[in-house]
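Hydrogens, waters and symmetry mates play no part in the numbers below; they use all other heavy atoms, side chains included. Nothing fancy with the numbering, it's 1 onward along the sequence.
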Amino acid sequence: MKKSISETLVLLLKGGGIGIANIIPGVSGGTIAVVLGIYDRLIEAISKFFERPEKRGEYVLLLFRVFFGAVVAVGLLAKVMDVLLKEYFHETMFLFMGLILGGIPSVVRSHGDMKIRTSRILAFIVGMILVLGISLIGEAKGQGQVMSLSNIEGVGPYLMLLIGGFFAGGAMIVPGVSGSFILVLLGQYAVVIAAIKDFALKPIGAVSLGAIAGIIIFSRIIEFCLERIPSKTYYFILGLIFASFYKIFPGKPDEAISIFYCSVVFIGGTALSYFVSRLNAD
């Protein structure tokens, strides 16, 4: 009984971390899932849900606890995160950098054979290029033209929201790639946030349907890779994670006191992530 309660609390907290990460452009929920040591289980539960009826109850319980934690965290902390990002931007981003760094050893431990080989280094480089490419494209395009609730008319905008939701949903489970940042690139982030705030059902529905499809399809691809080429896949994921620091790094703070606070939260985030990633929820 105690183990079940502790497991539920741990999964709720991990879900909360994933949820908060997914609403911050540039921060990857998939990366947080990896460093918290729950990524493999989530991918399996999503991609194998209809293929393994004997484990469906286990999958439902896992997904419910994680996603419930994510929804609650977003609901309770969205305004707090908004304030933190506006008033303590550097400190907040350094905290996330620490959280990511502290969980990297857990990725290395995810597979028994992680010896350095040429093919695996190439997979690592490809992962880095993917994230850096997306980031640089966003910078070159000024991070997309902005769509707003007031200019959503006809089928076209809803189709674009569906497509945007698809790629954002897929990106949410790809470590190093931010789903919300994809929406920023497509100029849809503001309208999605506004739709959630105003409870506009049609835009929310379009994005949600696309996101669900993206999560299912991308999870199947990732699960296939983890089964067939696990070592190369983990090196690819490590490449995604390391490259994500480029997008998250907020630059050097101007004031000495801010540098001190950034150092403290970075070290604290690293230690916290390392500890949490070692917690076994099995």
Side-chain angles (χ1 to χ4, degrees), residues 15 18-34 39 42-51 59 63 66-67 70-71 74 126-127 129-138 141-149 151-226 233 236-237 240 243-244 247:
I18 295 169
I20 290 298
N22 271 320
I23 65 173
I24 303 175
V27 181
S28 168
T31 298
I32 299 301
V34 171
Y39 186 74
L42 283 177
I43 292 298
E44 178 187 339
I46 296 170
S47 64
K48 300 294 185 181
F49 187 83
F50 295 104
E51 297 179 13
Y59 291 157
L63 293 173
V66 172
F67 286 117
V71 170
V74 170
V126 170
I129 290 174
L130 175 62
V131 174
L132 293 176
I134 291 174
S135 299
L136 293 174
I137 289 173
K141 291 187 175 182
Q143 297 190 354
Q145 296 179 346
V146 178
M147 179 188 293
S148 65
L149 283 178
N151 61 21
I152 296 183
E153 297 179 0
V155 177
Y158 287 103
L159 180 60
M160 291 304 298
L161 286 172
L162 185 72
I163 295 172
F166 174 81
F167 286 107
M172 286 178 185
I173 61 171
V174 177
V177 183
S178 166
S180 54
F181 182 61
I182 295 298
L183 291 177
V184 171
L185 293 182
L186 297 175
Q188 298 178 1
Y189 183 75
V191 72
V192 171
I193 294 299
I196 294 173
K197 180 181 177 182
D198 297 340
F199 204 62
L201 294 180
K202 288 184 179 180
I204 292 175
V207 173
S208 298
L209 286 175
I212 291 171
I215 289 172
I216 293 173
I217 292 175
F218 276 81
S219 66
R220 284 182 171 272
I221 295 172
I222 294 171
E223 177 71 12
F224 175 85
C225 292
L226 287 172
T233 302
F236 176 75
I237 290 174
L240 296 173
S244 69
K247 186 60 189 176

For Phe218 and Phe166, run side-chain contact (heavy atoms from CB on, under 4.5 Å): C-alpha distance rounded to whole Å, both residues' side-chain angles, the deciding distance at 0.1 Å, then the answer.
CA-CA 10 Å; Phe218 276 81; Phe166 174 81; 3.9 Å; yes

In this structure, which one of Ile129, Val126, Leu130 forms a side-chain contact (heavy atoms from CB on, under 4.5 Å) with Leu240?
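By the side-chain contact (heavy atoms from CB on, under 4.5 Å) criterion, Leu240 pairs with just one of Ile129, Val126, Leu130: Leu130.
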
Rounded to the nearest 0.5 Å, how far apart are [atom1] of [X] and [atom2] of [Y]?
X	Y	atom1	atom2	result
Ile222	Arg220	CD1	CZ	13.0 Å
Lys202	Leu161	NZ	CG	12.5 Å
Thr233	Ile221	OG1	CD1	12.0 Å
Leu63	Leu42	CG	CG	6.5 Å

So which heavy atom on [X] is nearest to which on [Y], and how close?
X	Y	result
Leu162	Ala206	CD1-O, 3.3 Å
Tyr59	Lys48	CE1-O, 3.7 Å
Ala70	Gly19	CB-CA, 3.7 Å

Within-4.5 Å side-chain heavy-atom neighbours: Ile43 and Ile173
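Yes, their side chains come closer than 4.5 Å.
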
